[in-house]
Amino acid sequence: PSALAAASIRSCRSAWPLGVACADPFVWLIRRVVISSGSMPQLLPLLDAAPGACQTTSMNSAPADPQTVADAAALLQRGDLCAFATETVYGLGADATNSGAVLKIYETKGRPRFNPLISHCADMEMAERFGNFSPLARRLADAFWPGPLTLVVPLKPDAGLSDLVTAGLDTVGLRVPAHPMARDLIA
């Protein structure tokens with residue numbers, strides 16, 4: 001498995017087109033991703049994006065449906081985008097080792113390419129494949145992972161992450177989310 005590069009969906013509110021009165025940016029962006037990438041068109045009827053009628057579920061900690069995780073993983077393996085819940089926000093994710101997939105995050109969000117992404121990892125072992133952890137960074141990870149803490153650490157030269165993830169920097173933002181769906185997806 002590889003890390004999941006992700007950007008928060010809640011920050012895309014400014015990218016909504018005029019005339020879309022959607023109460024939830026998650027539903028609006030998922031609809032945009034499904035339409036623009038052709039990913040899983042069977043999802044479109046499930047996404048009610050009529051003005052004032054957007055519905056979605058909250059970020060609860062219920063176990064993920066294995067089929068949902070498998071479908072999302074298949075999207076990532078094909079180089080497509082996948083929206084997923086973390087314990088703090090919905091994230092728009094892509095395989096962090098696939099530059100074409102990571103580029104889709106920037107294009108979909110209209111995010112400047114000089115703004116690095118966070119790489120979500122399944123556990124500390126995976127995170128150590130991508131970054132060098134100082135004793136302090138390791139203590140912080142041990143204390144707060146899994147959870148809503150992103151550590152920016154020196155990038156390992158042989159990490160294999162797309163340069164787009166780090167925006168060409170020699171550091172990488174790593175996180176091990178606590179949300180069961182995110183962890184199942186990354187594992």
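- Taking the side chain as every heavy atom from C-beta outward, Asp158 and Arg129 never approach each other to under 4.5 Å.
- One hydrophobic cluster, built from ILVMFWY side chains closer than 4.5 Å, holds both Met124 and Leu136.
- Going from atom CD of Glu87 over to atom NE2 of His179 covers 8.0 Å, rounded to the nearest 0.5 Å.
- Summarising the geometry of Ile186 relative to Pro177, their closest heavy-atom pair is CD1-CG, 3.9 Å, with the distance given to 0.1 Å.
- In terms of heavy atoms, Phe133 sits closest to Gly131 at CD1-O, 3.5 Å.
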With a cut-off of 3.5 Å and sequence neighbours excluded, list every side-chain donor-acceptor pair involving residues 143-157.
from: Trp145; atom 1: NE1; to: Leu149; atom 2: O; distance (Å): 2.8
from: Lys156; atom 1: NZ; to: Glu128; atom 2: O; distance (Å): 2.6

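- Sorted by first and then second residue, the salt bridge (charged side-chain N to carboxylate O under 4.0 Å, His left out) pairs with a member in residues 142-155 form an empty list; sequence neighbours excluded.
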Distance-only criterion, 3.5 Å: show the donor-acceptor pairs between side-chain atoms of residues 161-174 and protein atoms not counting sequence neighbours.
from: Ser162; atom 1: OG; to: Ser99; atom 2: OG; distance (Å): 2.8
from: Ser162; atom 1: OG; to: Leu164; atom 2: N; distance (Å): 3.1
from: Thr166; atom 1: OG1; to: Asp163; atom 2: O; distance (Å): 3.3
from: Thr166; atom 1: OG1; to: Gly168; atom 2: N; distance (Å): 3.4

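- Within the 4.5 Å cutoff, the side chain of Lys104 has heavy atoms near those of the Asp80 side chain.
- The distance from the CG atom of Leu81 to the OG1 atom of Thr108 is 5.0 Å, given to the nearest 0.5 Å.
- Listed for the Arg183 side chain is no donor-acceptor partner under 3.5 Å among the backbone atoms of Val176.
- A distance of 6.5 Å separates CG of Asn115 from OH of Tyr106, quoted to the nearest 0.5 Å.
- Using a 4.5 Å heavy-atom threshold, the side chains of Cys121 and Phe130 count as touching.
- Residues Met181 and Val69 are in side-chain contact: their nearest non-hydrogen atoms beyond the backbone lie under 4.5 Å apart.
- Under the side chain to side chain contact (heavy atoms under 4.5 Å, CB included) criterion, Leu185 pairs with Leu4, Ala72, Ala73, Leu76, Cys82, Phe84, not counting sequence neighbours.
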